[in-house]
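Just the heavy atoms: all of them, side chains too, but no hydrogens, waters or symmetry mates, feed the values below.
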Amino acid sequence: MKLWGKYLLCGLVISLLSGCHTRPTDQAQQYNDGRINQDFQLVNSPNAQGFPVNIKDFSKQVKFISESSPRLYNNNSEIFNAIESWVTSGGDTRNLNQFGLLAYQMDGDDNYGNVKFTGYYTPVLQARHVKQGEFKYPLYRMPTKSRSRLPNRAAIYNGTLNKKFIIGYSNSLMDNFLMEVQGSGYVDFGDGRPLTFFGYGGKNGHVYRSIGKVLIDRSEVSSDKMSMKAIRQWAEQHSESEVRELLEQNPSFVFFKPEPYTFVRGASAVPLVANASVASDKSLIPPGTALLAEVPVLDKTGKFTGQYRVRLMVALDVGGAIKGNHFDIYHGVGEEAGEAAGFYNHYGRVWVLKKAPSGFLTANQ
């Protein structure tokens, strides 16, 4: 019995060790920090690989905040100024405390620091002011408020909304939907005039359901190949009625607000700088929060290369699907940015940067 007990114990230890080595890493998951028992854990210095690679972009983002939202800037000016001093002196994460900066590591989806990164961008949509030929798919502004609940996507596609709320017609129902997912976009009406910015105008209040997950559940696209590009390719290979049926699985619908050509702005009404701003869950990460992020580097096919880049970012946007330890990185404008954004469904590490309280350094040096 004792010998059998030894074999059993040995087998248990081996299985536990094997479990540690078989944790998934294909989406850039890391486990070297060990289990994190708090939502935000104060660390002496972030165990990040390298120095911030986007200092100029971060500085530009902070400048946009100061110009567009003085209140948001004033609420965070101390931390922005401390970060500027830190990066001017080299941006070594081991020296954060010398500049009055504290780093709080997020616990991640699994309490091992693995924070989810997705990406979004600003599309450029082709449209016309009136219905003509292939341009037959309506884009809507937010209907006037009423006591009755707004209709779901299927009902809107069936034409239940008054036509007075139509603000243009595109040539692709899928393009309309993908612009909804991004929350805004530029529209080219084909009249030689500057592009019109379609900003976020509101939503119908119905629950959001991922069509990517629907395709995975239907075994139409494998989970390891799911991306925005994969969804678009699926649509190109299926009929209009099939595409519409898929989109109707998501009852949530986004409305737009046309504006003259302007910078892309997030929910904080601040122009967004690519790879220096993120959408976050504002109940966890309030607007204006400065972040140090270790972001996985992907190849041209969207696969993790095994490398990371450290970036400074600011939370300036929100998203219906962005909850908890999840950030949506803004990638910029156009098709190339869209392809890069669509590949991101990976993990990295994030530290929230805060200003040390008065006397903290003296007490801890």
Side-chain angles (χ1 to χ4, degrees), residues 39-48 50-106 115 117 120 262-295 309-319 322 325-332 348-362 364:
D39 291 340
F40 302 97
Q41 179 171 297
L42 179 63
V43 297
N44 290 328
S45 63
N47 182 24
F51 303 85
V53 298
N54 66 330
I55 293 172
K56 288 184 178 179
D57 289 336
F58 178 78
S59 297
K60 183 179 179 180
Q61 186 64 83
V62 171
K63 183 173 183 291
F64 279 150
I65 296 171
S66 67
E67 294 171 347
S68 303
S69 183
R71 183 177 179 180
L72 187 64
Y73 177 78
N74 291 335
N75 289 342
N76 297 279
S77 60
E78 278 192 271
I79 187 72
F80 292 151
N81 291 335
I83 291 173
E84 182 181 358
S85 298
W86 170 61
V87 297
T88 300
S89 298
D92 190 330
T93 56
R94 294 171 296 182
N95 299 333
L96 282 168
N97 286 353
Q98 296 178 20
F99 298 89
L101 292 168
L102 300 180
Y104 292 82
Q105 184 171 4
M106 297 184 69
V115 175
F117 288 120
Y120 73 114
T262 183
F263 287 116
V264 178
R265 296 172 185 266
S268 300
V270 173
L272 304 179
V273 176
N275 294 304
S277 63
V278 296
S280 68
D281 180 346
K282 65 179 181 181
S283 67
L284 186 66
I285 304 293
T289 300
L291 308 166
L292 185 71
E294 192 176 57
V295 182
R309 289 198 183 113
V310 177
R311 296 184 179 276
L312 285 164
M313 298 183 176
V314 186
L316 291 171
D317 211 352
V318 297
I322 311 304
N325 284 258
H326 178 185
F327 293 99
D328 215 15
I329 303 173
Y330 180 63
H331 278 73
R349 295 183 294 175
V350 174
W351 295 267
V352 175
L353 298 180
K354 296 184 179 182
K355 193 74 172 65
S358 163
F360 178 89
L361 292 180
T362 302
N364 288 272

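Using a 4.5 Å heavy-atom threshold, the side chains of N275 and V53 count as separate. With a 4.5 Å cut-off on side-chain heavy atoms, V350 and F117 count as touching. With contacts defined as side-chain heavy-atom distances shorter than 4.5 Å, the pair N97/L102 qualifies. Counting only heavy atoms from C-beta outward, the side chains of F40 and L284 approach each other to under 4.5 Å. Counting heavy atoms from C-beta outward, E294 and P46 have side chains that stay 4.5 Å or more apart.
Here the closest heavy-atom approach between residue F51 and residue G91 is recorded as CD2-O, 3.1 Å. Smallest separation of non-hydrogen atoms from Y104 and K354: CE1-CD, 3.8 Å. Taking each heavy atom of P287 and S268 in turn, the nearest pair found is CB-OG, 3.5 Å. Between V115 and N325, the shortest heavy-atom distance links the atoms CG1-O, 3.7 Å. Between R94 and S45, the closest heavy-atom pair is CA-CB, 3.9 Å. Residues A315 and P286 approach most closely at CB-O, 3.9 Å, considering heavy atoms.
Atom NZ of K355 and atom CD1 of I83 lie 10.5 Å apart (nearest 0.5 Å). S277 OG to D57 CG: the interatomic distance, rounded to the nearest 0.5 Å, is 10.0 Å. Between the CD atom of Q105 and the CG atom of N47 there is a distance of 8.0 Å, given to the nearest 0.5 Å. Here the CG-NZ distance, from L312 to K56, works out to 15.0 Å after rounding to the nearest 0.5 Å. Separation of atoms CZ (R309) and CG (N54) is listed at 10.5 Å; rounding is to 0.5 Å. In this structure, NE2 on H331 lies 13.0 Å from CG on L272, to the nearest 0.5 angstrom.
No donor-acceptor pair under 3.5 Å is formed between the side chain of S69 and the backbone N or O of I65. A distance-only check finds a donor-acceptor pair linking the side chain of W86 to the backbone of D92 [under 3.5 Å]. Panel note: side chain Q61, backbone V273; a donor-acceptor pair is recorded below 3.5 Å. Between the side chain of S280 and the backbone N or O of I285 there is at least one donor-acceptor pair closer than 3.5 Å. Within the 3.5 Å criterion, the main-chain N or O of T289 finds no donor-acceptor partner in the side chain of N76.
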| said: I'd like to know whether M313 forms a side chain to side chain contact (heavy atoms under 4.5 Å, CB included) with V295, so could you lay out the CA-CA distance, the side-chain angles of the two residues, the decisive distance to 0.1 Å, and finally the verdict. | reply: CA-CA 11 Å; M313 298 183 176; V295 182; 4.1 Å; yes

| said: I'd like to know whether Q98 forms a side chain to side chain contact (heavy atoms under 4.5 Å, CB included) with S89, so could you lay out the CA-CA distance, the side-chain angles of the two residues, the decisive distance to 0.1 Å, and finally the verdict. | reply: CA-CA 11 Å; Q98 296 178 20; S89 298; over 6 Å; no

| request: May I have the step-by-step check of side chain to side chain contact (heavy atoms under 4.5 Å, CB included) for D328 and D317, ending in yes or no? | output: CA-CA 9 Å; D328 215 15; D317 211 352; over 6 Å; no

| task | Applying side chain to side chain contact (heavy atoms under 4.5 Å, CB included), run through V352 and M106 and close with a yes or a no. | result | CA-CA 7 Å; V352 175; M106 297 184 69; 4.2 Å; yes

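More than 12 heavy-atom neighbours from other residues, nucleotides or ligands sit within 6.0 angstrom of CD on Q41. Counting heavy-atom neighbours within 6.0 Å of E78 CD, excluding the residue itself, gives a total of 12 or less. Other residues, nucleotides and ligands contribute at most 12 non-hydrogen atoms within 6.0 Å of the CG atom of N44.
For F263, the ring-ring contact (aromatic ring centres under 6.0 Å, His included) criterion is met by F64, not counting sequence neighbours. Y120 meets the ring-ring contact (aromatic ring centres under 6.0 Å, His included) test with Y330; sequence neighbours excluded.
Ring orientation note: the planes of F58 and F80 are nearly perpendicular, at an angle over 60° on the 30°/60° scale.
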